[in-house]
Amino acid sequence: MQTISELVKAQKAASDLSYEALAQRAQSAGLGLTKQQLSDLANNRPKGWPKSADMVKALSVALDVPERTVVLAYAASFGIDVRETRSPFEVRLPSTVSTLDPRMQDAILHVIRAATEGASTHEHDTEDQEQEPRTEAGGAQPTQPSPMNRAGVSPAHDGDNDDAPPLPDEYALAAYNALSEGRDRRQAQDEAAEGSQGAGGDLD
């Protein structure tokens with residue numbers, strides 16, 4: 001939490017106004033505050049609490065911060081632990097925020113939510129990009145080859161013949177018998193040829 005000196009300096013720098021211009025803010029609101037008082041607070045540690053509630057209000061108007069911020073800044077100047085749970089951005093919100101029309105408040109909140117959600121998404125994308133090189137460094141997982149059947153053909157292609165009817169057993173038997181009959185005929189022809197050669201030899 002900022003001390004009252006730090007608060008005065010910070011708000012003066014943020015507004016880019018002189019001490020006199022800041023004091024005139026309070027004076028315009030009918031509150032007593034001088035540029036010398038602001039200068040003293042900025043450069044010296046306060047000797048005590050504000051003497052009246054009007055002084056707190058005057059500083060609140062001049063610095064454009066809530067009265068609570070002024071009181072806490074004084075407490076921090078005295079070494080009291082008043083650590084702020086709000087962000088510096090929240091602390092800097094002007095005290096007049098509460099006077100805004102509800103619709104305007106909703107519009108501002110909508111802009112803030114959109115901005116913070118965009119920042120969160122960007123951080124998430126950055127984390128994903130940082131993780132990608134680690135995945136590449138580990139190497140791609142090798143692809144498993146398709147298993148082969150005994151005929152050297154991938155089972156993935158077996159489905160091409162799913163509609164073909166199975167070969168009946170009688171077809172196989174007929175083919176076997178045909179081969180046997182062919183062998184028998186060739187054997188008979190060979191024997192007849194040998195017999196004819198033998199007969200010719202007897203004639204000689």
Side-chain angles (χ1 to χ4, degrees), residues 1-140:
M1 179 65 192
Q2 292 176 313
T3 64
I4 189 62
S5 295
E6 293 170 341
L7 181 62
V8 172
K9 291 178 181 178
Q11 294 304 104
K12 178 179 181 294
S15 63
D16 196 24
L17 296 174
S18 64
Y19 289 127
E20 183 175 2
L22 291 175
Q24 287 178 351
R25 285 180 172 180
Q27 294 169 6
S28 299
L31 299 168
L33 185 65
T34 65
K35 65 176 182 179
Q36 187 60 46
Q37 287 174 311
L38 287 173
S39 178
D40 289 343
L41 285 175
N43 297 295
N44 301 292
R45 179 180 176 181
K47 297 179 180 180
W49 293 93
K51 296 181 179 181
S52 66
D54 286 342
M55 177 57 70
V56 175
K57 293 179 182 179
L59 290 171
S60 172
V61 173
L63 302 178
D64 199 21
V65 295
E67 294 178 15
R68 177 178 182 273
T69 301
V70 174
V71 173
L72 292 177
Y74 265 98
S77 299
F78 301 139
I80 300 174
D81 186 4
V82 288
R83 282 173 289 187
E84 180 61 66
T85 57
R86 298 176 299 169
S87 68
F89 174 76
E90 292 176 288
V91 173
R92 291 179 58 187
L93 289 175
S95 58
T96 54
V97 166
S98 59
T99 64
L100 291 174
D101 181 90
R103 289 177 297 179
M104 179 61 71
Q105 293 181 15
D106 291 340
I108 294 173
L109 287 174
H110 178 75
V111 172
I112 293 174
R113 290 194 186 100
T116 53
E117 288 174 1
S120 177
T121 302
H122 176 69
E123 291 177 359
H124 179 69
D125 292 342
T126 302
E127 291 176 358
D128 290 344
Q129 293 174 359
E130 291 175 353
Q131 291 176 1
E132 287 178 359
R134 291 196 293 269
T135 302
E136 294 174 358

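What you are looking at is a predicted structure, and each value in this text was computed from that prediction instead of being measured.
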Heavy-atom neighbours of N44 CG exceed 12 at 6.0 Å:
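Counting other residues, nucleotides and ligands, CG of N44 exceeds 12 neighbours.
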
Please check this pair: side chain of [X] against backbone of [Y], looking for a donor-acceptor N/O pair closer than 3.5 Å.
{"X": "S60", "Y": "V56", "value": "no"}
{"X": "T3", "Y": "A73", "value": "no"}
{"X": "Q105", "Y": "L100", "value": "yes"}
{"X": "S15", "Y": "Q11", "value": "yes"}
{"X": "T96", "Y": "T99", "value": "no"}

Kindly give the heavy-atom pair with the smallest separation between [X] and [Y], and that separation in Å.
{"X": "Y74", "Y": "P46", "value": "CE2-CB, 3.8 Å"}
{"X": "L7", "Y": "V70", "value": "CD2-CA, 4.4 Å"}
{"X": "A62", "Y": "A26", "value": "CB-CB, 4.4 Å"}
{"X": "T34", "Y": "Q27", "value": "CA-NE2, 4.4 Å"}

Could you tell me if the side chain of L33 sits less than 4.5 Å from the side chain of M55, heavy atoms only?
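A side-chain contact under 4.5 Å exists here.
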
For D40, what residues pass the side chain to side chain donor-acceptor pair (under 3.5 Å) criterion, not counting sequence neighbours?
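Listed in chain order: Q36.
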
